[in-house]
Q: 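My questions all concern the structure below.
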Amino acid sequence: MTIIGKSRAALAMICDALLSQGARRAFKIYNNLGIADKYWHSDFDITETIILQDNDYILGAVMPETKQVLYNLFKLPYQTLINESAAVSHDAIIGKGSMIDANVSIAGGVTLGRFVTVYANCSVNHDSTIGSYVT
C-alpha cells in the first residue's frame, strides 16, 4: 500500500482506519522532502516523476487543492477508506478515494463526491450532497 500526499492528521486517520480493518501489510509513505512552497502540504516535489509498483493507493492529502493536483498528476486507482466505527447509511453514496474517519455518521440520501475527507466525530445529515475534493 502506498500513501501519497499525507499530512500528519491524514496519516493518523489512515493508519487508524487501516488498523481497524485488520491491515497487516506494510505501507510506504512519501514524506515532506524538497517540496516547493506552493505545495508545502504535499509530500514530494510534484515535478518529480515517481514510479509506483503496487496497486493499493490512498490519497492522504488533506488540502482539497492538493488532492486534486495529486489525482490529476498520477491518475492512480485510489482506494476508499472507511473506518469500521463509522456509521454509513446503506443508501449513502461515497465517491472513490474518500476517507471516512472514526465515529462518523453519514445519514441516508447523502452523496459524497470523489476524494472527500470526513474527520472523526463528524456527521453528514440526510439528503446532503458534498462535492469532490472537499474536507
Q: Test of understanding: with side chain to side chain donor-acceptor pair (under 3.5 Å), list the residues that count as partners of S85, not counting sequence neighbours.
A: N83
Q: About how many Å separate CG of D101 and CG of N121, when rounded to the nearest 0.5 Å?
A: 8.0 Å
Q: Could you grab the distance from atom OG1 of T80 to atom CD1 of I94, nearest 0.5 Å is fine?
A: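 That separation rounds to 8.5 Å.
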Q: Compare every heavy atom of A107 with every heavy atom of A92, then report the nearest pair and how far apart it is.
A: CB-O, 3.9 Å
Q: Hey, could you give me the OH/CD distance between Y133 and E65, rounded to the nearest 0.5 Å?
A: 12.5 Å
Q: Could you tell me whether the side chain of S105 and the main chain of S123 form a donor-acceptor pair under 3.5 Å?
A: no
Q: Roughly how far, to the nearest 0.5 Å, is the OH atom of Y78 from the CE atom of M99?
A: 11.5 Å
Q: Would you name the heavy atoms of G113 and V116 that are closest together and state the gap between them?
A: O-CG2, 3.3 Å
Q: What are the two closest non-hydrogen atoms of S128 and V124, and how far apart are they?
A: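 The answer is CB-CG1, 3.9 Å.
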Q: For a quick test of reading the model, state the closest non-hydrogen atom pair linking Y71 to L76 and the distance between them.
A: CE1-O, 4.0 Å
Q: If I take atom OG from residue S98 and atom NZ from residue K67, how far apart are they, to the nearest 0.5 angstrom?
A: 7.0 Å
Q: Report yes or no: does Q79 contribute a side-chain atom to a donor-acceptor pair with the main-chain N or O of P77 at less than 3.5 Å?
A: yes
Q: Looking at side-chain heavy atoms only, is the closest gap between I106 and L112 below 4.5 Å?
A: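 I106 reaches L112 side chain to side chain.
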Q: Can you tell which of T135, V104, N103 makes a side-chain contact (heavy atoms from CB on, under 4.5 Å) with Y119?
A: T135
Q: Measuring from atom CD1 of I93 to atom CD1 of I130, what distance do you get when rounded to the nearest 0.5 angstrom?
A: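 Answer rounded to 0.5 Å: 13.0 Å.
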